[in-house]
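We name chains A, B, ... by the order of the sequence lines, and we start the count at 1 in each one.
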Number of protein chains: 2
Amino acid sequence: MDTAESETGDPQWDVLVATCPSRTSLARIANKWTAIIVIALGAERLRFTELRTRVQGISGKVLTETLRDLERHGIVARHAYAEIPPRVEYELTDLGRTLFAPLRALGDWAEQHIDEVERARDAYDDRVSG
Amino acid sequence: MDTAESETGDPQWDVLVATCPSRTSLARIANKWTAIIVIALGAERLRFTELRTRVQGISGKVLTETLRDLERHGIVARHAYAEIPPRVEYELTDLGRTLFAPLRALGDWAEQHIDEVERARDAYDDRVSG
DNA sequence: CTGAATCCATCAGGATACTG
DNA sequence: CAGTATCCTGATGGATTCAG
């Protein structure tokens, strides 16, 4: 191992390469809201408002926009029911489910290493301002 | 399994919770440039210009700023040598190395699922504009 | 309830020029 | 070489209001 372009071919598709289309894809998934939304939808299919409740702190506008774009990228599926009042449910697609583990891992990292990160941050700020 | 707060305790540190400090942390790591930089540094310690060359498309300013913040979060270590011309090398800290696998996984995902994503995008755009 | 539309503040990030 | 300092633009994202 392991520069990842060793024997499978396609060395041109490398996120380090600026022109690589996977860059666009990475920009979409390596994102705070994407991560949190995919994590929230990992457990269960949710309707708009439930989702908004779980993903605390997100505005309706941003949730809508992010969901639209995730839908466009084939990561989330949108199910609208012609009822009154309207009901719209969101769930991960098969593709989206393959993304759950990596993003959940990222969320876990953030949760598990909080202390170390905060200590590092305090130490750094001391070094700089102190 | 597995809502992850099952038996280890600390259910309050959940990225879904807006006030959770891990949010800040997640925002820092779930980011395009962070992912690419950590991936680039995963293989080897690099000096500024080498890094800038590998992380194609990043401006000097953004690279500097991102590295500073990663240093502050304890993810990257900066080694400056008092030489002329100056030499500064960056490498992942121990903490940063624990972040490599999750972010590399995200990069791999982007590279491996490019085709599916692009197909989904085309289909979506057809549905909308067509 | 879902979400489109609008307005507005903030910020990410690029270009350029300059310094030790 | 490795930055810092400015300036500037477009994107991000929050708040609010309105509509189906």
Side-chain angles (χ1 to χ4, degrees), chain A residues 15-16 18-19 23-37 40-41 45-73 76-91 124 127-129, chain B residues 15-16 18-19 23-24 26-38 40-41 45-73 76-91 124 127-129:
Chain A
V15 289
L16 293 180
T19 54
R23 269 286 182 92
T24 312
S25 204
L26 183 64
R28 174 67 275 167
I29 63 176
N31 167 278
K32 183 180 78 167
W33 291 130
T34 296
I36 297 180
I37 289 174
L41 287 178
R45 173 169 173 159
L46 293 171
R47 47 193 303 185
F48 188 84
T49 304
E50 295 173 54
L51 189 50
R52 189 176 170 176
T53 302
R54 310 235 180 167
V55 181
Q56 291 183 20
I58 196 169
S59 70
K61 179 193 167 200
V62 172
L63 180 55
T64 301
E65 287 171 350
T66 308
L67 284 170
R68 282 276 173 284
D69 206 45
L70 288 175
E71 188 192 358
R72 191 166 98 95
H73 283 71
V76 158
R78 179 177 183 274
H79 308 280
Y81 299 89
E83 303 172 355
I84 305 254
R87 178 166 56 101
V88 180
E89 296 181 353
Y90 294 91
E91 67 175 342
Y124 181 94
R127 243 180 297 146
V128 173
S129 62
Chain B
V15 289
L16 292 180
T19 53
R23 268 286 181 90
T24 312
L26 183 65
R28 174 68 274 167
I29 65 178
N31 165 279
K32 185 180 78 168
W33 291 131
T34 296
I36 299 180
I37 289 173
V38 170
L41 287 179
R45 175 169 172 159
L46 293 170
R47 48 195 299 187
F48 188 85
T49 303
E50 295 172 50
L51 189 51
R52 188 178 169 172
T53 303
R54 309 233 179 166
V55 182
Q56 291 184 19
I58 196 170
S59 69
K61 181 195 166 199
V62 173
L63 181 55
T64 300
E65 287 171 351
T66 308
L67 283 171
R68 283 275 175 286
D69 206 45
L70 288 175
E71 188 192 357
R72 191 167 98 97
H73 284 71
V76 158
R78 179 177 184 274
H79 307 280
Y81 299 89
E83 302 172 357
I84 305 245
R87 178 164 56 100
V88 180
E89 297 181 352
Y90 293 92
E91 68 175 342
Y124 182 93
R127 243 179 297 146
V128 173
S129 61

Residue pair B:Glu89, B:Arg45: steps toward the salt bridge (charged side-chain N to carboxylate O under 4.0 Å, His left out) verdict
CA-CA 7 Å; B:Glu89 297 181 352; B:Arg45 175 169 172 159; 2.6 Å; yes
Side-chain contact check for A:Val62: nearest option of D:dG13, C:dG3, D:dG3 is D:dG13
From CZ of B:Phe48 across to P of C:dG20 the rounded distance in Å is 18 Å
Looking only at C:dT6, C:dG13, D:dA2, the nucleotide nearest the B:Pro86 side chain is D:dA2
Picking from C:dG20, D:dG14, C:dG13, the nucleotide nearest the side-chain atoms of B:Trp33 would be C:dG13
Taking only N and O in the side chain of A:Thr64, is any of them less than 4.0 Å away from OP1 or OP2 of C:dG3?
no
Among the nucleotides C:dC1, C:dG3, C:dG13, whichever has the atom closest to the side chain of A:Arg78 is C:dG3
Taken to the nearest whole Å, NE2/B:His79 to P/D:dG3 is 13 Å
To the nearest angstrom, the CD-C1' distance between B:Gln56 and C:dG14 comes to 17 Å
_Any side-chain heavy-atom pair of A:Thr64 and A:Phe48 under 4.5 Å_ = yes
Practice problem: Evaluate side chain to side chain contact (heavy atoms under 4.5 Å, CB included) for A:Ile37 paired with A:Leu63, printing each intermediate quantity in order. | Solution: CA-CA 9 Å; A:Ile37 289 174; A:Leu63 180 55; 3.6 Å; yes
Taken to the nearest whole Å, CD/A:Glu65 to C1'/D:dG14 is 11 Å
Per atom distances to the B:Arg47 side chain, the nearest of D:dA2, D:dG14, C:dG14 is D:dA2
Is there a side chain to side chain contact (heavy atoms under 4.5 Å, CB included) between B:Arg47 and B:Tyr90? Walk through the geometry before answering. CA-CA 6 Å; B:Arg47 48 195 299 187; B:Tyr90 293 92; over 6 Å; no
From CG of A:Leu46 across to P of C:dG3 the rounded distance in Å is 13 Å
Checking C:dA4, D:dT4, C:dG14 against the side chain of B:Lys61 (C-beta onward), the nearest is C:dG14
### Query
How is A:Tyr81 classified with respect to the nucleic acid when contacts are heavy atoms under 4.0 Å: base, sugar-phosphate, or nothing?
nothing
note: B:Leu67, atom CG; D:dC1, atom P; distance rounded to Å ~ 17 Å
N or O in side chain of B:Tyr90 less than 4.0 angstrom from D:dG3 OP1/OP2:
yes
Taking for A:Pro85 and for A:Arg68 the nucleotide of DNA chain C with the nearest heavy atom, the one nearer the 5' end belongs to A:Pro85
Do A:Leu70 and A:Arg28 make a side-chain contact, defined as non-hydrogen atoms from C-beta onward lying under 4.5 Å apart?
yes
Taken to the nearest whole Å, CD1/A:Ile84 to P/C:dG3 is 14 Å
Whole-Å distance, A:Leu63 CG to D:dT16 P, equals 18 Å
Per nearest nucleotide of DNA chain C, the residue lying toward the 5' end, A:Arg87 or B:Ile58, is A:Arg87
